[in-house]
Amino acid sequence: MNSKDISGKTLEDIGISVLLIALFSATIVDSLGGEFLFTENLVMTIVTFVAVLLAAIRVTNIPAIIAGIATVSYIAYKLYQMFAQGGIIEGLSYLWIAIPGLAVLGMALFSKGIQRLQRDNNVLSKQVEDLIMIDPLTGFYNLRSMYMDIQTQISYSERNNTYISLMIIRPRYRKELKDVLKKEQYEKVIVTFSKIVYETVRLEDRVYSLDSDGTVGVLLTCDRQGAKLVEKRIRTKIDNTNAFDNIAQKPIRMEIQLGFLEYKKEYNRDAIKFKSLVEEEVAYDI
């Protein structure tokens with residue numbers, strides 16, 4: 001089986017199991033080694049801990065190098081004791097041949113499992129974001145949906161010789177509103193503003209939430225003259241409404257920037273260009 005086929009959760013489970021086995025073995029050696037093996041067991045325990053710590057913070061290759069050097073050095077030391085000093089190698093000492101490597105391997109697998117889970121979660125989050133067509137705050141369709149609908153409506157209008165216009169409306173002085181209002185209050189202003197626009201246009205017109213600052217797009221099934229009438233209704237409703245009065249301690253006066261264009265064939269079905277031209281109209285609304 002390819003390592004790429006193993007899930008992050010499986011790698012985590014394998015890694016923590018191997019690490020616990022290594023730590024349990026180190027505990028057995030330390031507890032049963034007695035005073036005679038105390039110093040060497042302490043040194044090996046400290047070296048193993050350092051290697052595992054480096055593996056936990058994902059320092060490349062160094063943990064494995066430390067574990068390898070510790071193991072080779074320990075084997076050389078025990079062989080020196082046996083041949084040069086006439087000592088014997090205790091059975092528990094053989095565990096130190098495997099403990100450092102197993103501990104580093106376990107932690108490395110555990111860390112790799114976490115990395116894989118994080119990567120999978122990031123990919124999943126992006127896929128979900130790409131599929132979401134509804135703005136979570138206002139409940140209206142978002143910018144991605146508007147681009148798709150513009151293409152559909154362009155095709156429909158060309159086949160049936162009808163008109164479509166795109167209108168973009170944004171709250172004026174958004175930065176100032178953000179500075180003086182709490183986050184929850186500003187979100188209420190955005191939701192209230194979006195609903196006012198929705199309730200002002202006709203049922204066949206479509207309203208979209210374009211960003212987190214309250215910008216609203218309206219896809220109108222009318223020509224430029226019809227869009228002017230819609231603009232007049234929206235401005236009158238915004239100027240006369242008291243819907244924002246209970247959001248903050250002081251009454252909020254909402255002012256808007258608004259622009260619109262009727263679709264023309266020279267836009268070549270380019271929804272992004274169409275929107276950009278309308279945004280230029282919004283910028284001119286001073």
Quiz prompt | Distance, nearest 0.5 Å, that separates OG of Ser17 from CG of Leu102 | solution = 12.0 Å
Self-check item: With sequence neighbours excluded, residues passing salt bridge (Lys or Arg N to Asp or Glu O under 4.0 Å) with Lys188
Solution: none
Quiz prompt | Closest approach of Gly259 to Glu281 (non-hydrogen atoms, all atoms of both residues) | solution = CA-CB, 4.0 Å
Self-check item: Residue list, ring pair (Phe, Tyr, Trp, His ring centres under 6.0 Å) with Tyr77, at least two apart or on another chain
Solution: none
Quiz item: Side chains of Tyr141 and Asp149: donor-acceptor distance under 3.5 Å anywhere?
Solution: no
Self-check item: Side chains of Phe260 and Ile168 in contact at under 4.5 Å (non-hydrogen atoms)
Solution: no
Exercise. Drop me the distance from Ile154's CD1 to Asp270's CG, to the nearest 0.5 angstrom.
Key: 8.5 Å
Self-check item: Short side-chain to backbone donor-acceptor contact, Arg172 and Ile256, under 3.5 Å
Solution: yes
Quiz item: Are the side chain of Asn122 and the backbone N or O of Gln118 linked by a donor-acceptor pair below 3.5 Å?
Solution: yes
Self-check item: Donor-acceptor under 3.5 Å (Asn61 side chain, Ala64 main chain)
Solution: no
Quiz item: Is Val218 close to Val230 at the side-chain level, that is, under 4.5 Å between some pair of heavy atoms?
Solution: no
Quiz prompt | Salt bridge present between Arg235 and Asp285 (N-O < 4.0 angstrom) | solution = yes
Exercise. Enter the distance from Asn41:CG to Thr27:OG1 here, rounded to the nearest 0.5 Å.
Key: 11.0 Å
Self-check item: Leu258-Tyr284 co-clustered via ILVMFWY side chain contacts under 4.5 Å
Solution: no
Quiz item: Is Tyr198 reachable from Val189 through a run of hydrophobic residues whose side-chain heavy atoms are each under 4.5 Å from the next?
Solution: yes
Exercise. Verify whether one side chain among Ser155 and Arg269 offers a donor that lies under 3.5 Å from an acceptor in the other.
Key: yes
Practice problem: Might you work through the side chain to side chain contact (heavy atoms under 4.5 Å, CB included) test for Phe49 and Val47, ending with a clear yes or no? | Solution: CA-CA 5 Å; Phe49 175 79; Val47 171; over 6 Å; no
Self-check item: Cationic N near anionic O, under 4.0 Å, Glu199 to Lys195
Solution: no
Quiz item: So Asp120 and Arg116, salt bridge (Lys or Arg N to Asp or Glu O under 4.0 Å) or not? Walk me through it.
Solution: CA-CA 6 Å; Asp120 292 344; Arg116 186 165 294 182; 5.9 Å; no
Quiz item: From Ile14 CD1 over to Lys112 NZ, what is the distance, rounded to the nearest 0.5 angstrom?
Solution: 11.0 Å
Self-check item: Joint cluster assignment, Ile99 & Val52, ILVMFWY side-chain distance < 4.5 Å
Solution: no
Quiz item: Closest approach of Glu12 and Phe110, non-hydrogen atoms and distance?
Solution: O-CD1, 3.6 Å
Self-check item: Backbone N/O of Ile164 and side chain of Asp223: donor-acceptor pair under 3.5 Å
Solution: no
Exercise. With side chain to side chain contact (heavy atoms under 4.5 Å, CB included) as the test, would you mind laying out the steps for Val191 and Leu137 before giving the verdict?
Key: CA-CA 7 Å; Val191 171; Leu137 181 60; 3.8 Å; yes
Self-check item: Within-4.5 Å side-chain heavy-atom neighbours: Thr221 and Tyr163
Solution: no
Quiz item: Passes side chain to side chain contact (heavy atoms under 4.5 Å, CB included), Val216 versus Met167? Steps please.
Solution: CA-CA 8 Å; Val216 173; Met167 178 180 291; over 6 Å; no
Practice problem: Mind checking the CD-CZ spacing from Glu279 to Arg170? Nearest 0.5 Å is all I need. | Solution: 6.0 Å
Quiz item: Do Leu166 and Tyr263 come within less than 4.5 Å of each other through their side chains, counting heavy atoms only?
Solution: no
Quiz item: Do any N or O atoms from the side chain of Thr152 and from the backbone of Met148 form a donor-acceptor pair under 3.5 angstrom?
Solution: yes
Quiz prompt | Single-linkage hydrophobic cluster, 4.5 Å side-chain cutoff, Ile134 and Met146 together | solution = yes
Quiz prompt | Close side-chain approach of Asp239 to Met254, heavy-atom, < 4.5 Å | solution = no
Exercise. Tell me yes or no: between the side chains of Thr138 and Asp135, is some donor less than 3.5 Å from an acceptor?
Key: yes
Quiz item: What's the verdict on salt bridge (Lys or Arg N to Asp or Glu O under 4.0 Å) for Lys178 and Asp213, showing C-alpha distance, side-chain angles and the deciding distance?
Solution: CA-CA 9 Å; Lys178 278 187 174 182; Asp213 288 333; 2.6 Å; yes
Quiz item: If every non-hydrogen atom of Ile66 is compared with every non-hydrogen atom of Ala51, which pair is closest and at what distance?
Solution: CG2-CB, 4.0 Å
Quiz item: Is there a donor-acceptor contact under 3.5 Å from the side chain of Ser111 to the main chain of Ala108?
Solution: no
Quiz item: Shortest non-hydrogen contact from Thr71 to Trp96?
Solution: OG1-O, 4.3 Å
Practice problem: Keeping the roles fixed (side chain from Ser31, backbone from Ile28), state whether a donor-acceptor pair exists under 3.5 Å. | Solution: yes
Exercise. State plainly whether one hydrophobic cluster holds both Ile69 and Ile75, where clusters connect Ile, Leu, Val, Met, Phe, Trp and Tyr through side-chain heavy atoms under 4.5 angstrom apart.
Key: no
Exercise. Say whether, by atom type as modelled, one donor and one acceptor occur between the side chain of Ser194 and the main chain of Ile190 under 3.5 angstrom.
Key: yes
Quiz item: Is there side-chain contact between Glu231 and Thr236, with at least one heavy-atom pair below 4.5 Å?
Solution: no
Quiz item: When the ring centroid of Phe274 is compared with that of Tyr267, is the distance short of 6.0 Å?
Solution: yes
Practice problem: Mind listing the closest non-hydrogen atom pair of Pro171 and Gly214 along with its distance? | Solution: CD-O, 3.6 Å
Practice problem: For the pair Arg253 and Glu255, evaluate salt bridge (Lys or Arg N to Asp or Glu O under 4.0 Å) and give the outcome as yes or no after the intermediate values. | Solution: CA-CA 7 Å; Arg253 176 176 173 79; Glu255 296 185 26; 3.7 Å; yes
Quiz item: Mind checking whether Ile169 and Thr215 have side chains closer than 4.5 Å, heavy atoms only?
Solution: no
Practice problem: To the nearest 0.5 Å, tell me how far Cys222 SG sits from Arg202 CZ. | Solution: 5.5 Å
Quiz prompt | Side-chain heavy-atom pair Leu219, Tyr208 within 4.5 angstrom cut-off | solution = yes
Quiz item: Shortest non-hydrogen contact from Leu95 to Ser25?
Solution: CD1-O, 4.3 Å
Quiz item: Is Glu184 paired with Lys182 through a side-chain N to carboxylate O contact shorter than 4.0 Å?
Solution: no
Self-check item: Gln153 and Arg206: CA distance, side-chain angles, deciding distance, side chain to side chain contact (heavy atoms under 4.5 Å, CB included) verdict
Solution: CA-CA 11 Å; Gln153 287 298 106; Arg206 303 182 184 182; 4.1 Å; yes
Practice problem: Using a strict cut-off of less than 4.0 Å between a Lys/Arg side-chain nitrogen and an Asp/Glu carboxylate oxygen, indicate whether Lys78 and Glu40 qualify as a salt bridge. | Solution: yes
